[in-house]
Amino acid sequence: MEELMEKLRSDFKGMAQIRQVGDSRIELDVSTSVPREEWYEKMKDYTPTDHIISNSWTYNGIRIVLFGGMVKNEKKKFNFTY
């Protein structure tokens, strides 16, 4: 599981964050700046399961589900005190 999560992080190069991890499921939030066509290109090594869950793939029995959304970069967090 850890190896798969690292591969997904590498494939999306900071443009996706892992939202939730279960025993047989990984959910990722993908930045809205990444076109859906690029999702499919990055996920070409996985088995598509769109007929079960939209934007999902499997890999060795683990389901990967992608969601579009804002990806927060924790390094760029600012705090202003007045």
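Every value quoted in this text rests on a predicted model; they were computed, and no experiment measured them.
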Asker: According to a 4.5 Å side-chain heavy-atom criterion applied to Ile, Leu, Val, Met, Phe, Trp and Tyr, with indirect links allowed, do Ile53 and Ile64 form part of one hydrophobic cluster?
Answerer: no
Asker: So, for Ser33 and Met15, which heavy atoms are closest and what is the spacing to 0.1 Å?
Answerer: OG-CE, 2.9 Å
Asker: Grab the two heavy atoms, one from Met1 and one from Gly22, that are nearest each other, plus how far apart they are.
Answerer: CE-O, 3.0 Å
Asker: Of all residues at least two apart in sequence or in a different chain, which pass the salt bridge (Lys or Arg N to Asp or Glu O under 4.0 Å) check with Glu6?
Answerer: Arg9
Asker: Could you pull out all residues at least two apart from Trp57 that satisfy ring-ring contact (aromatic ring centres under 6.0 Å, His included)?
Answerer: Tyr40
Asker: If I take atom CD from residue Glu27 and atom CZ from residue Arg19, how far apart are they, to the nearest 0.5 angstrom?
Answerer: 5.5 Å
Asker: Above 12 or not: heavy atoms from other molecules or residues under 6.0 Å from CG of Asp50?
Answerer: yes
Asker: Just to verify, what does Thr58 make a side-chain hydrogen bond (donor to acceptor under 3.5 Å, both in side chains) with, not counting sequence neighbours?
Answerer: none
Asker: Going by the rule side-chain hydrogen bond (donor to acceptor under 3.5 Å, both in side chains), which residues pair with Lys44 if we only count those two or more places apart in sequence or in a different chain?
Answerer: Glu41
Asker: Find out whether Asn55 and Phe67 are in side-chain contact, i.e. whether some heavy atom of one side chain is under 4.5 Å from a heavy atom of the other.
Answerer: no
Asker: Which value, rounded to the nearest 0.5 Å, describes the distance between Ser31 atom OG and Gln17 atom CD?
Answerer: 9.5 Å
Asker: Holding to ring-ring contact (aromatic ring centres under 6.0 Å, His included), I want the full list of residues that pass it with Tyr46, two or more places apart in sequence or in another chain.
Answerer: Tyr59
Asker: Kindly compute the distance separating CG (Leu4) from CD1 (Ile26), expressed to the nearest 0.5 Å.
Answerer: 4.0 Å
Asker: Side-chain contact test, heavy atoms from C-beta onward, threshold under 4.5 Å: evaluate it for Asp11 versus Asp45 and give yes or no.
Answerer: no
Asker: Which residue pairs pass the salt bridge (charged side-chain N to carboxylate O under 4.0 Å, His left out) test with at least one member in residues 30-40, sequence neighbours excluded?
Answerer: Glu38-Lys42
Asker: Is any side-chain heavy atom of Phe12 closer than 4.5 Å to a side-chain heavy atom of Met43?
Answerer: yes
Asker: Starting from Val65, can I reach Leu8 by hopping between I/L/V/M/F/W/Y residues whose side chains sit under 4.5 Å apart?
Answerer: no
Asker: Whether the side chain of Asp29 engages the backbone of Ala16 through a donor-acceptor N/O pair (distance < 3.5 Å, no angle test) should be reported.
Answerer: no
